[in-house]
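Throughout, residue positions are numbered sequentially from 1 according to the sequence presented.
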Amino acid sequence: MSAGVSTLPKPAARRLPRAPHWCRLLYQDYRRYRAAGESALGTIFLTQGFWASCVHRSFHALITSLPAGPLRSIAKWAGAVVQKVVEIVTGICIPNKTAVAGGLHFPRFGAIILSHGSIGENCTIEQNVTLGLAGRGEDRGQPTIGNRVFIGAGSMIVGKITVGDDAYIFPGSVVTRSVPPRAVVMGYPAKVVSYDGSFDWIAYDGMEDDAERRESLGKASRP
């Protein structure tokens, strides 16, 4: 009989378990440092910004995954303590409530204070930056940062405003109004000086094939 083997059912393909979402976000953070020229060991053991991301990613995932109750309260307390230790060591404060997409990059560390708002994918934040709460009544809130935004050293972005995708915040700027996509802003108060965007300042894996970035790049220099 020659028909036996061909009629046997094919073995089911094994599916490898996917990494948790927070691990994938952290890997994106790691790859940003590698794209910037950091070595693998240097990123893990010598880069304070990556340490801050590790703590934030893990505790943010833990806290949001737990139902309201004693365990969640304990997780919040533990996260606050560890976050404070990281803040003392690195000078980077990322509240556990802050929603941060993948690819967060801190080229340098020190005096970086983020708000409870949200930060998009593949953003770069330099030293001495504050994202803060401001405003009154319905206008009171934190900034929302879009994708691929570069925030220069010494900048302050405050209030219930939005910084659009691919924007470039010039070092030392004070931003109190929403920033359009691809805008380059500078000064105190910050004003739009061009629409060249952050394209020359943000590097990440697959950026040349990123359809969203390519579309935005095609609109650069135009409001």
Answer whether the closest heavy-atom distance between the side chains of P107 and Y33 falls below 4.5 Å.
no
More than 12 foreign heavy atoms under 6.0 Å from CZ of R24: is that the case here?
yes
Side-chain heavy atoms under 4.5 angstrom apart, residues restricted to Ile, Leu, Val, Met, Phe, Trp, Tyr: same cluster for F59 and L114?
no
Write out all pairs satisfying salt bridge (Lys or Arg N to Asp or Glu O under 4.0 Å) with one or both partners inside residues 198-209, taking only residues at least two apart or from two chains.
R31-D205
Could you tell me which residues satisfy side-chain contact (heavy atoms from CB on, under 4.5 Å) with R177, sequence neighbours excluded, listed by chain and number?
none
Sub-4.5 Å side-chain heavy-atom contact between V158 and P143:
no
From CD1 (I125) to CD1 (I151), nearest 0.5 Å:
4.5 Å
List, by chain and then residue number, the residues other than Y204 in its hydrophobic cluster (Ile/Leu/Val/Met/Phe/Trp/Tyr, side-chain heavy atoms under 4.5 Å); write none if there are no others.
F150, Y168, F170, V184, M186, V193, W201, I202, M207
Is the backbone N or O of G159 less than 3.5 Å from a side-chain atom of T176, with the two atoms forming a donor-acceptor pair by type?
no
What do the steps show when you test F199 against R182 for side chain to side chain contact (heavy atoms under 4.5 Å, CB included), and what is the final call?
CA-CA 9 Å; F199 303 103; R182 299 174 300 282; 4.0 Å; yes
Which residues share a side-chain contact (heavy atoms from CB on, under 4.5 Å) with A61, sequence neighbours left out:
W22
Contact list for residues 133-150, test side-chain hydrogen bond (donor to acceptor under 3.5 Å, both in side chains), sequence neighbours left out
N147-E212, R148-D166, R148-E212
Clusters formed by hydrophobic residues whose side-chain heavy atoms approach within less than 4.5 Å: which one holds W77, and what are its other members?
V81
Which atoms form the tightest heavy-atom contact between P180 and V192, and what is the distance?
CD-CG2, 4.2 Å
Quick test of your reading: applying salt bridge (Lys or Arg N to Asp or Glu O under 4.0 Å), list the pairs with at least one residue in residues 42-70, sequence neighbours left out, ordered by first then second residue.
D29-R57
Enumerate, atom names and distances included, each donor-acceptor pair closer than 3.5 Å involving a side-chain atom of residues 88-97, sequence neighbours excluded.
residue	atom	partner	partner atom	Å
T90	OG1	V86	O	2.7
T90	OG1	I92	N	3.1

For side-chain hydrogen bond (donor to acceptor under 3.5 Å, both in side chains), just list the numbers for T124 and R32, CA-CA rounded to whole Å, side-chain angles, deciding distance to a tenth of an Å, and then say yes or no.
CA-CA 9 Å; T124 294; R32 285 295 311 283; 2.7 Å; yes
Nearest non-hydrogen partners of A75 and L62, listed with the distance:
CB-CD2, 4.0 Å
Within this structure, what is the CZ-SG distance for the pair F106 and C123, rounded to the nearest 0.5 Å?
10.0 Å
If two hydrophobic side chains count as joined below 4.5 Å and joins carry through other members, does I161 share a cluster with V185?
yes
Hey, what do you get for CZ (F45) to OG (S39), rounding to the nearest 0.5 Å?
10.5 Å
Pairs meeting criterion side-chain hydrogen bond (donor to acceptor under 3.5 Å, both in side chains) with involvement of residues 99-118, two or more places apart
R108-E126, R108-Q127
Who passes side-chain hydrogen bond (donor to acceptor under 3.5 Å, both in side chains) against K84, sequence neighbours left out?
E87
For the CD1 atom of I63 and the CD1 atom of I74, what is their distance to the nearest 0.5 Å?
12.0 Å
Among residues at least two apart in sequence or on other chains, which ones pass side-chain hydrogen bond (donor to acceptor under 3.5 Å, both in side chains) with Y30?
R34
Applying the side-chain contact (heavy atoms from CB on, under 4.5 Å) test to L131, which of I145, V175, V163, I113 qualifies?
I145
Is the backbone of T98 close enough, under 3.5 Å, to the side chain of H56 for a donor and an acceptor to pair up by distance?
yes
Hydrophobic cluster membership, with links at side-chain heavy-atom distances under 4.5 Å among I/L/V/M/F/W/Y: are V55 and L25 in one?
no
Working to the nearest 0.5 Å, report the span between CD of Q28 and SG of C23.
12.0 Å
Between S173 and I169 (side chain of the first, backbone of the second, donor and acceptor by atom type, cut-off under 3.5 Å), is there such a pair?
no
Return the CG to OG1 distance between D165 and T162, rounded to the nearest 0.5 Å.
10.5 Å
Who pairs with E215 by salt bridge (charged side-chain N to carboxylate O under 4.0 Å, His left out), at least two apart in sequence or on another chain?
K219
